[in-house]
Number of protein chains: 4
Amino acid sequence: MAPKIIDREARRKEILMAAMKVSAAKGIKNVKIDEIAEAAGVGKGTIYEYFSSKEEIFGASIVEFLQHMEKIMAQKMFRAVTPQDKIRAMLHSWEEACKNEDNDLVALMIDVWAEGIRRDNKELLKIFNMKKVYERYREMVSAILKEGINQGVFRQIDVITVAGLLLATFDGIMIQWLLDSENTDLKKTADVLYETLMLGIIAKTDN
Amino acid sequence: MAPKIIDREARRKEILMAAMKVSAAKGIKNVKIDEIAEAAGVGKGTIYEYFSSKEEIFGASIVEFLQHMEKIMAQKMFRAVTPQDKIRAMLHSWEEACKNEDNDLVALMIDVWAEGIRRDNKELLKIFNMKKVYERYREMVSAILKEGINQGVFRQIDVITVAGLLLATFDGIMIQWLLDSENTDLKKTADVLYETLMLGIIAKTDN
Amino acid sequence: MAPKIIDREARRKEILMAAMKVSAAKGIKNVKIDEIAEAAGVGKGTIYEYFSSKEEIFGASIVEFLQHMEKIMAQKMFRAVTPQDKIRAMLHSWEEACKNEDNDLVALMIDVWAEGIRRDNKELLKIFNMKKVYERYREMVSAILKEGINQGVFRQIDVITVAGLLLATFDGIMIQWLLDSENTDLKKTADVLYETLMLGIIAKTDN
Amino acid sequence: MAPKIIDREARRKEILMAAMKVSAAKGIKNVKIDEIAEAAGVGKGTIYEYFSSKEEIFGASIVEFLQHMEKIMAQKMFRAVTPQDKIRAMLHSWEEACKNEDNDLVALMIDVWAEGIRRDNKELLKIFNMKKVYERYREMVSAILKEGINQGVFRQIDVITVAGLLLATFDGIMIQWLLDSENTDLKKTADVLYETLMLGIIAKTDN
DNA sequence: CATGAATGAGTCTTCATTCAT
DNA sequence: GATGAATGAAGACTCATTCAT
């Protein structure tokens, strides 16, 4: 009896969030299980009731983070109608993701990349594939660009390549901002990027 | 005496190079002193004759890496005359840096960022400051853009911001390429970036 | 009230049996409380309602096992009349104990010895004393031998020593059988042992 | 330079001996690496310079022990000429092995059996096979018995089975002695066993 | 100077035991 | 009474660093 209404899923998430918080602050490789436990407000052993190893927490953090980012982006672009507006929405969602209170979560991204690059992280590959993630992102942005081309607002560009470039810029700025948020004006950067990009891809509507 | 000093310096460099090689392949945090020693062809204890700690090797690797990158870039841009050519040269040097035989050195960049972001790496801060590094890079690119504006080829853009964006794009593409070199065509990317950027920043020369 | 007590006793026995089953299969030291609980079909906490510690389960298992063995032996020898028949009966009961369905229970014996040997297992000594167990066994066998001597069928042997030897042989064969049942023919072994032993202890009935 | 004349093999043996000593006293499963290190007079980490895991130490201990036993037995039987003398020599060597100063090494045997029985100890099987060990021993004893039969001193017995029985008796007595050395007179036991066995297997030389 | 054997602080992980429900 | 979630003490193992040769 006593079904013990403890929502395992919820508890797991709690621990995951705590893990992400400390991982972001110190770097995944530098976090101790003890620290995660303390941050989550549970005993060390409890961690292992929900995750089988440190590595698994790590993988789950990344998945969680990526899903989180995707959700944010999807929400922002929901209302936008024209391709230009959609791109603007993207810029804003990314700008906010950086500034967000969960801000240091973004630092996790670096660790995600670092691990993703090392080919021998089998454990990580079991859970997800960084390549696929980027492919999905590129596809998402490409769709917008294609729409713009079809509508005649954008010129005949290689959509996949431009999409890659746009995402790359996001990532790169994110890094600069993490390294030196004081000298990186996200708002201005977003505006300049939008302006320059538009000039670069807009269809010539001369005379 | 002098030769002795040179010997020491040479040996130190050898170890450093070996350290960078293995670090790039496995990720800085995952490299053991033993591995560095083996890669350098020296005994484990010898490492400590030239570096006081692992952390110091780590810091020295980063400095070495950044200087290496800067040198490459400087060489490429040396011959270029017009601002456009200089930007093209930059694109090429960056493209080559990626494809280079030292290719996995680029993977180090990720680790460099990761460490740079963590505020608590006092040891690293003693040696250099990631902020400064980016400031220098931005300054370098800004100078080219300013030149173009002065010459009337580029429109009145916020040079620092555009410089940041350009560097960001480089970094971002580098990541994509590291994660998935098969689906990232550096040549095409460089071309599209140049074309789009030029359209985005060129001065309107309409009558 | 009475039924309640019986219930408790029954449940305790159930857990004990489950514990013995898994202990036999994996070795006492390698069994986890979780496994016992699962095998017994109860919750982990429930175990502690019936036993105060793992060590106690362990001790109780041994006692249970030894009583079980003694019961089997007693049953077999009940009908035998002559000393020779009694010895034969012993051989058979031991042979069956090995082959029995509870077969892997026999593996427990090894663990029983292992623990019995370590002088520092205070907990175990509280419950019973391995020395006493063997003394009882030897006494039991001695009685049969003495009977044979009194009847003039066995020669004047040192009954205690021969009893010890006989028990030793049982134990030793058990080990061989556990280690390599394919190459150990229990039936033949029992027969050869009986034959040789009889020749060895029988009274000379030369003409 | 400085070839560092540290005999790795010798050091390994030292650690092994220390490991066997403490293992015998407390039971293999109950020994901590720290204890082995302390007993060997080295640091914890040093253990891992010579053995890759606790399990490996365990396996090596067993191998060492078996070789030790075999050597003792071989030495004793070297001088014996007649089959009877050889059996007597065997009895003595076994008697001595028990009484030996390395006495508690014998306790290890129990752990060896316990592990040998559990089929899933892959690590152990890599190093050696308990079955083979017993086969070798049986073969050794069988040879003596066969010799006796050929010479007409022993009757037509099933040599393999008798050999197994003899070894079994050794093992069994060893256990009794370990459990209760005070009440187990090895000398008397050896004598009685020899006498009884001889009567049991000797060829009838009646006129 | 160069070396690599030795070291032990630091970590992950396990599991017997507790206790709130 | 029964349960299983939570716990933390305990223990195997790693690896940067030291130091005798």
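Predicted model only: the values in this text are computed from it and were never measured. The chains referred to below are lettered A, B, ... by the order of the sequence lines, with proteins before strands, and numbering in each begins at 1.
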> Looking at residues at least two apart in the chain, or sitting in another chain, which of them share a side chain to side chain contact (heavy atoms under 4.5 Å, CB included) with B:Ser23?
Replying inline: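 Here the qualifying residues are B:Ile28, B:Val31, B:Leu108.
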
>> I'd like to check the side chain to side chain contact (heavy atoms under 4.5 Å, CB included) partners of B:Tyr48; sequence neighbours left out, ordered by chain and number.
In response: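 Scan of B:Tyr48 (side chain to side chain contact (heavy atoms under 4.5 Å, CB included), adjacent residues dropped) gives B:Ile33.
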
Given atom [atom1] of [X] and atom [atom2] of [N], what is their separation to the nearest angstrom?
{"X": "B:Glu49", "N": "E:dT3", "atom1": "CD", "atom2": "P", "answer": "10 Å"}
{"X": "C:Lys54", "N": "E:dT18", "atom1": "NZ", "atom2": "P", "answer": "15 Å"}
{"X": "A:Tyr48", "N": "F:dA9", "atom1": "OH", "atom2": "C1'", "answer": "15 Å"}
{"X": "A:Asp34", "N": "F:dA10", "atom1": "CG", "atom2": "C1'", "answer": "13 Å"}
{"X": "B:Asp7", "N": "E:dC1", "atom1": "CG", "atom2": "P", "answer": "9 Å"}
{"X": "C:Asn30", "N": "E:dA16", "atom1": "CG", "atom2": "P", "answer": "11 Å"}
{"X": "D:Lys29", "N": "E:dA16", "atom1": "NZ", "atom2": "P", "answer": "13 Å"}
{"X": "A:Glu38", "N": "F:dG8", "atom1": "CD", "atom2": "P", "answer": "12 Å"}

Just N and O in the side chain of [X]: are any of them under 4.0 Å from OP1 or OP2 of [N]?
{"X": "A:Tyr50", "N": "F:dA6", "result": "yes"}
{"X": "D:Arg11", "N": "E:dA5", "result": "no"}
{"X": "C:Arg8", "N": "F:dG1", "result": "yes"}

Between [options], which nucleotide has the shortest distance from any of its atoms to the side chain of [X]?
{"X": "C:Ser53", "options": "E:dC12, E:dT17, E:dC15", "result": "E:dT17"}
{"X": "A:Thr46", "options": "F:dA12, F:dA6, E:dT17", "result": "F:dA6"}
{"X": "D:Val42", "options": "F:dT14, F:dA16, E:dT7", "result": "E:dT7"}

>> Dot-bracket, 5' to 3', for DNA chain F please: Watson-Crick or G-U pairs under 3.5 Å, [ ] where pairs cross earlier ones, | where the partner sits on another strand, dots elsewhere.
In response: .||||||||||||||||||||

> So what does A:Lys44 hit on the nucleic acid, given a heavy-atom distance under 4.0 Å: a base, only sugar-phosphate, or nothing?
Replying inline: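 Base, at least one base heavy atom under 4.0 Å.
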
>> Under 4.0 Å, heavy atoms only, any strand: does D:Ile33 hit a base, just the sugar-phosphate, or nothing?
In response: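 Sugar-phosphate contact only.
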
> In terms of the nearest nucleotide of DNA chain E, which residue is placed more toward the 5' end: B:Gly45 or A:Ser52?
Replying inline: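 Mapping each residue to its closest nucleotide by heavy atoms, the 5'-most match is B:Gly45.
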
>> Suppose we screen for salt bridge (Lys or Arg N to Asp or Glu O under 4.0 Å). Which residues come up paired with B:Lys54, at least two apart in sequence or across chains?
In response: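 Residues passing salt bridge (Lys or Arg N to Asp or Glu O under 4.0 Å) with B:Lys54: none at all.
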
>> Pick the closest DNA chain F nucleotide for D:Lys32 and for C:Gly41 by heavy atoms, then say which residue is nearer the 5' end.
In response: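 By nearest-heavy-atom nucleotide position, the 5'-most residue is C:Gly41.
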
>> Any non-hydrogen side-chain atom of C:Ser53 less than 4.5 Å from a side-chain atom of C:Ile57?
In response: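 No, their side chains stay 4.5 Å or more apart.
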
>> Once side-chain hydrogen bond (donor to acceptor under 3.5 Å, both in side chains) is applied, do any residues pair with C:Lys32, and if so which ones, sequence neighbours excluded?
In response: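 side-chain hydrogen bond (donor to acceptor under 3.5 Å, both in side chains) list for C:Lys32, sorted by chain: empty.
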
>> Using the side-chain hydrogen bond (donor to acceptor under 3.5 Å, both in side chains) criterion, which residues pair with A:Asp34? Sequence neighbours excluded.
In response: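 side-chain hydrogen bond (donor to acceptor under 3.5 Å, both in side chains) check on A:Asp34 returns nothing, list empty.
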
> Charged N to carboxylate O under 4.0 angstrom, A:Glu49 versus A:Lys44?
Replying inline: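 No salt bridge links A:Glu49 with A:Lys44.
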
>> Salt bridge or not between C:Arg8 and C:Glu14? Use side-chain N to carboxylate O under 4.0 Å.
In response: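 Salt bridge between C:Arg8 and C:Glu14, a charged N being under 4.0 Å from a carboxylate O: no.
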
